[in-house]
Structure formats: structure tokens, C-alpha cells
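Written below as C-alpha cells is the structure these notes are about.
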Number of protein chains: 2
Amino acid sequence: MSLRHGLLGLLAEGPASGYDLARRFQEGLNSLWPAQHPQIYSELSRLASAGLIEVDSHGPRRRTAYRITDAGLAEVKRWLAEDEIDYSFRMEPLLRSFFFWLMEPEDLKRRLAEEQQQFAAYAQTLRSFAGAKDRGEWGTSRRTRAQRIAVEAAIRVNEALAEWARWAEETDLMADENFGRQPSGPDAPPPEPKE
Amino acid sequence: MSLRHGLLGLLAEGPASGYDLARRFQEGLNSLWPAQHPQIYSELSRLASAGLIEVDSHGPRRRTAYRITDAGLAEVKRWLAEDEIDYSFRMEPLLRSFFFWLMEPEDLKRRLAEEQQQFAAYAQTLRSFAGAKDRGEWGTSRRTRAQRIAVEAAIRVNEALAEWARWAEETDLMADENFGRQPSGPDAPPPEPKE
DNA sequence: CTTGCACATGTACGGCTCTACATGTCAAGG
DNA sequence: CCTTGACATGTAGAGCCGTACATGTGCAAG
């Protein structure tokens, strides 16, 4: 449901082709909502059938630009005002971390160092991107400033996770003198698993 | 691909039924990787056909517990050691924020306050959950400690976003004296959209 | 004893998303 | 002139995910 509204939101800025939109998703928006081009093209067709967008112009190389309709603009605003928000998220590295106890301490340490580096590097990339906005290189419209705020969210999430990976690596929670030998003592059973 | 390994990881702790696993995903793991029961049951069938898990026992009410096989354990460890990690994530509230410029300032302010509250509340919930682990109520095995680290990641992400929402609300980036009137001045065109 | 609730497992279907494949166009450089 | 590469758009198919629907069981309270 979100890609649909993401496309509408981008088209609210002005007409664009599927190729343009795919590029925008690839660049700044990729950190907020990854999307590949096949999905974008098919979604555009659906939006056009629904009357939320319409063909704006044709260009060279079969280029087809779309324009948002009044209905489309109303729809994206409705979406933004909606009360029901899905706060859930999925991140594979976090799921993995739930099972870190299955890894050898050395491998784990290496892995955490690597993840820390990855998160920090990505945050850095986004931050320099945001820096360009802060220097006003893209203007200071309300739109630009809103997008700067969105990028800030992605930056902060990545920074938080870089910090987390460092913390996880440095805390001695994982250094288990008994690793590989029998359990060090009586351990409470897992909370759920009965049977 | 990840649910598969998540289930294997949980079964590495010991035998469990689909119902048990659905419960665990619902509870602590829900913040890391949401999953509904239909998906879990069908994935279990697939894992069993693949020989990564096998039926451990039958109980009342058609209860069927599974046990991880050696092949399954090897597979989950392979997954954990894998180099290719997908660092992407999707979060609807963040995508929305990219389009905040389409909202009325007042609605936006209200929205940000609400989001700040939601993120903070969820972080709080997870933190009290983690507190139980910290007090050793569930033992201090390597497994428990690893899971504590995983929960910490979710906590930090939510705290970071609560902070972000507060920052976004307080910064006057959104307070636009010109909202509703014509643009305040020449604005650079969007970076991408040619045409 | 019966009623309700938590337990326990599934099917069906539709929508979302990704990878791989396929096709053709225009511009620039050699 | 020919080749390369960026432009531009799609189809096919498979897998993942969520909602809704469906079914039956054991236990405990009244």
C-alpha cells in the first residue's frame, strides 16, 4: 500500500516518468522505502487505471511522464492524515542478532565490528547528502525541508544501530568463559516453550 | 528467506510447536520480525520437507512439536556466518515523513507529537521487557544474553525515532509563514526530475 | 452438563516484492 | 559507420506476507 502513496507523493511535486521515479527511489528514498523499477511501472499503470494519475506527456524513447490528478492528490493527503499507522519494521541484521548465541565468540566479534562499520558508513553517506540540503543547494522550500527531515530519520536509525553494534561488541555479555563446555549452572527455562 | 531462519533459530533452543513459535514471534520477536501464524505453519511444513526440522512429538489438540535436525542447525549457522547481509529496512512512518510538506502545519504538528509518543511508548514497553532479562529472571545463559542484545537494538531504534519526532516537531523547519500563499521566492528545481 | 475460552492448526486468496529476462531508442565516441 | 552505453519500459514467474475464513479440542467455571 505504501509504494502507491510514495509514488503519488513524488508526483505531487510535479510530472515525472517511471524512470525518473525509479531513480528517485534508488537515491534518497532508497533508505526509507526500497523499490525496484518493475514494481514502479506496474504500480503506475494501476494508478492510472484508478484515475489517480494521468499521462502528462510523451518524450523520446517511449518516455511517458505522468501527472497527479485531483483525486490522486486527495488520496495522498488522506493517507497522510490517516490514523492507522503501521509502526512495525523488519531488519534482517536485527533478527540475526537474536540468534547470536549460536555463533562462535570470535566470529561474532568480527561480525559486530563489521556491522558497526556498515551502519556508520551508511549514516555518513546520508549525512553528507543531508549536508547538501542544509547548505541550501536544493532550495529551502517546504518540500525540501520536509525531505531533509525524512533523511534525518534514516540517519538517526543508522547511527543508533552503529552505536548499538559497538555497545554489543564492547559489553562482555557475549564473552562466555564457558562457551563450548556444559552450561555453567541452572538456567531458567525459556519463557514460552511449554511441552 | 528470513522467517525460515528465524524459525530454525528458535528451534535451536529446543522443540516447539507452530503455536509456540507463533507466540514467540508475537511477543519479543515481534519488534524484530513480525510474523503471522499462517506463514509460520506453512514454513514449518516446508522446513520439514527439506529435512531441516522433523516432528518431535504429538500432544493434545493435534499439537505437533518439531525438533531441529543437524542439517537445520548447520543451515542456521551458515546463515549467521553469511557475508551478504541486507541492511535495508522499510518503515511506513519514515516514508510518510518524506511527504510531510503536503500536510497542513497544524495537522503535522499533531501527527509528530503522536508519533513521538508512540515510539517512546513502544521503547518503554521493550525496555521493561529487557529489564526482566537484566534482573536475571530468565537466567543468564548465553542465549538469554544474546536475545537481550537483540531487544536492545529495537529499543534504540524506537528511542532514536522518538527523539527524531521531537526534533522534527521543535525545529522550525516546518513552520512556514508562507504556507498557503504563493512560493516565497525562487526555488531550485528538484535534483532529479528532468523533462 | 453445558457454555465459553484458550488451545491448535490449517486453507484460500490476493497483494506485494524481487530477480531474471526481454526489447527497443537515442547520443556520442572512435 | 559502428559500437557502446545510458535511457526507457516492460513481462514472467516465484516467493513472501497478511487477512479472512474454517475447523476442531480440551479445560474450567458456573
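Lettering of chains follows the sequences in order, A, B, ..., and the numbering in each one begins at 1.
Out of C/dC16, D/dC16, C/dC26, the shortest distance to the side chain of A/Met1 is found at C/dC16.
A/Phe89 has its CZ atom 15 Å from the P atom of D/dC17, to the nearest Å. A straight line from NE2 of A/His5 to P of C/dC16 spans 10 Å, rounded to a whole angstrom. The nearest whole Å value for the distance from the CG atom in A/Leu3 to the P atom in D/dC17 is 17 Å. Look at CZ on A/Arg24: it is 16 Å from P on D/dC7, rounded to the nearest Å. When rounded to the nearest whole Å, the span between CZ of B/Phe25 and P of D/dG18 equals 11 Å. Atom C1' of nucleotide C/dC18 and atom CD of A/Gln26 are separated by 13 Å, given to the nearest angstrom. Going from atom NE2 of B/His58 over to atom C1' of C/dC7 covers 17 Å, rounded to whole Å. We find that CZ of A/Arg63 is positioned 18 Å from P of D/dA6, with the value rounded to whole Å.
The side-chain tip of B/Arg96 does not point at the ring of A/Trp33 from less than 6.0 angstrom away and within 45° of straight on.
The CD atom of B/Glu169 sits 10.5 Å away from atom CD1 of A/Ile149, with the distance rounded to the nearest 0.5 Å. Note that the CZ atom of B/Arg156 and the CG atom of B/Asn158 stand 13.0 Å from one another [nearest 0.5 Å]. Atom CD of A/Glu92 sits about 6.0 Å away from atom CH2 of B/Trp79, to the nearest 0.5 Å.
Toward the 5' end of DNA chain D, the nearer of the two residues A/Arg61 and A/Arg90, judged by each one's closest nucleotide, is A/Arg61.
In this structure the side chain of B/His5 reaches within 4.5 angstrom of the side chain of B/Glu75, judged on heavy atoms.
Proximity of residues 29-51 of chain A to DNA chain D (heavy atom under 4.0 angstrom from any strand atom) is restricted to A/His37, A/Pro38, A/Tyr41.
Using a 4.0 Å cut-off, no side-chain N or O of A/Tyr19 falls inside it from OP1 or OP2 of D/dT9. A close approach under 4.0 Å does not occur between any side-chain nitrogen or oxygen of A/Arg62 and OP1 or OP2 of C/dT25. Between A/Ser17 and the phosphate of D/dT9, there is a side-chain N or O to OP1/OP2 separation shorter than 4.0 Å. The phosphate of C/dC16 (OP1 or OP2) has a side-chain N or O of A/Arg4 nearer than 4.0 angstrom.
Evaluation of the ring pair (Phe, Tyr, Trp, His ring centres under 6.0 Å) test over residues 6-31 of chain A, restricted to residues two or more places apart or in two chains, returns none.
Note: B/Tyr87 and A/Phe119 meet the aromatic proximity criterion, with ring centroids under 6.0 Å apart.
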